[in-house]
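So that the names make sense, note that chain A is the first sequence line, chain B the second, and so on, each numbered from 1. Keep in mind the model is a prediction, meaning the values are calculated, not measured. Both backbone and side-chain heavy atoms feed into the values below; hydrogens, waters and symmetry mates do not.
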Number of protein chains: 2
Amino acid sequence: MNIGQAASASGVSAKMIRYYEQVGLIASPARTEAGYRDYSPDEVHMLRFIRRARDLGFSVEQMTNLLALWSDRSRASGDVKRFAMAHVVELERKMRELHAMAETLRHLAKTCHGDERPNCPIIEELSSGHEAAPPKPRRSASRRYGAH
Amino acid sequence: MNIGQAASASGVSAKMIRYYEQVGLIASPARTEAGYRDYSPDEVHMLRFIRRARDLGFSVEQMTNLLALWSDRSRASGDVKRFAMAHVVELERKMRELHAMAETLRHLAKTCHGDERPNCPIIEELSSGHEAAPPKPRRSASRRYGAH
DNA sequence: CTTGACCTTCCAGTCACTGGAAACTCTATC
DNA sequence: GATAGAGTTTCCAGTGACTGGAAGGTCAAG
């Protein structure tokens, strides 16, 4: 199976497959005489696993751990569960962050007439207001989400 | 006011201030004879505005628009409100995405014993399962959130 | 034999920063 | 006046997870 077929069979683009190989998430596959990558059914299976993990928001580094757990037949299911739940906690933290931003903005927008007049409490609050969104970023220098 | 003072007065680090200048979000400030950046109270005020906008999850590009709205005394408050609400919609889209991921993971984890035995439905589902998290990514090639 | 779809490698760009090096300036102390 | 330490300057490189594109090799169909 060449890379294009592996891509459509797994849902991971050819570009991404090469990238995952490059960063060491997956091993280099066999090559044809002409130098084309040649994927076995098992490797395509692994790519599908990777795609699903990525759809659940796991980073490449975390996927490395997941693949290790996957291929380790003797690991305890508790290890997997702990890993999954730690990720859930992280997802929820990000959700709360986004929620706080949205809440603040909705609150500001509620007091804005939204008409033709220039007077706008949203801008005024951003301009001179008190502290903004994150309810209270207590210790984490967390990543932010530029919407673009 | 030099850059360090402007940084602590605004909550935007010196590094970020230089970066924002470099990418054109803010204008180059005056310089002292020695070449040090010299910020006026108005510029520090603008930096605070920027920090609050960033805390609400606006990208640099969006902040450029916000600054334009800020300094345009004749713009309609409706323009600002529309801009803010579009961002809220985007934040909510991301929240739903994260929520779907967390839900899927929690669901998988619920069926996992989480003990010493190797049998683990989480891994099994990722390995051979049906479609994963995003409830149904209908058209957007949306950004994802690697938790690291 | 040519066309076009595929594959290969490599380099650059994205976004919003952060870290660090080398060199300069400022302020305080001795 | 010398010196130390903190602050500033520029510039370059790296982050994560890709995506785009150029230049060239390969394959199957007509």
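- For S13(A), the side-chain contact (heavy atoms from CB on, under 4.5 Å) partners are K15(A), M16(A), not counting sequence neighbours.
- For R48(A), the salt bridge (charged side-chain N to carboxylate O under 4.0 Å, His left out) criterion is met by no residue, not counting sequence neighbours.
- Between Y20(A) and the phosphate of dC18(D), there is a side-chain N or O to OP1/OP2 separation shorter than 4.0 Å.
- Among all heavy-atom pairs drawn from D38(B) and E43(B), the shortest one is O-OE1, 3.8 Å.
- Atoms NZ (K94(A)) and P (dG16(D)) sit 13 Å apart, rounded to a whole Å.
- Following rounding to the nearest Å, I17(A) (CD1) and dA17(D) (P) show an atom-to-atom distance of 17 Å.
- Residues that satisfy the salt bridge (charged side-chain N to carboxylate O under 4.0 Å, His left out) test with R117(A), not counting sequence neighbours, are D115(A).
- One atom, CE of M1(A), and another, P of dC7(C), lie 11 Å apart when rounded to the nearest Å.
- The phosphate of dT25(C) (OP1 or OP2) has no side-chain N or O of T32(B) nearer than 4.0 angstrom.
- Ion pair R93(B)/E90(B) flagged as a salt bridge, since at least one NZ, NE, NH1 or NH2 atom sits closer than 4.0 Å to an Asp/Glu carboxylate oxygen.
- With rounding to the nearest 0.5 angstrom, the OG atom of S8(B) is 11.0 Å from the CD1 atom of I3(B).
- At whole-Å resolution of the value, CE in M16(A) and P in dG16(D) are 16 Å apart.
- In summary, R52(A) and E125(B) do not engage in a salt bridge, as defined by a charged side-chain N under 4.0 Å from a carboxylate O.
- Listed by first then second residue, pairs satisfying ring pair (Phe, Tyr, Trp, His ring centres under 6.0 Å) with a partner in residues 33-52 of chain B read H45(B)-W70(B), F49(B)-W70(B), not counting sequence neighbours.
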Nucleic acid footprint by protein, nucleotides 5-12 of chain D - heavy-atom cut-off 4.0 Å, B for base, S for sugar-phosphate alone:
--BSBB--

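- The pair R106(B)-E103(B) meets the salt-bridge criterion, since a charged nitrogen lies less than 4.0 angstrom from a carboxylate oxygen.
- Annotation: proximity of residues 23-30 of chain B to DNA chain C (heavy atom, distance under 4.0 Å) is found for no residue.
- Checking M63(B) against E33(B), the closest nucleotide of DNA chain C that is more toward the 5' end is the one next to M63(B).
- Residue Y19(A) contributes atom OH, which lies 20 Å from atom P of dG21(D) at whole-angstrom precision.
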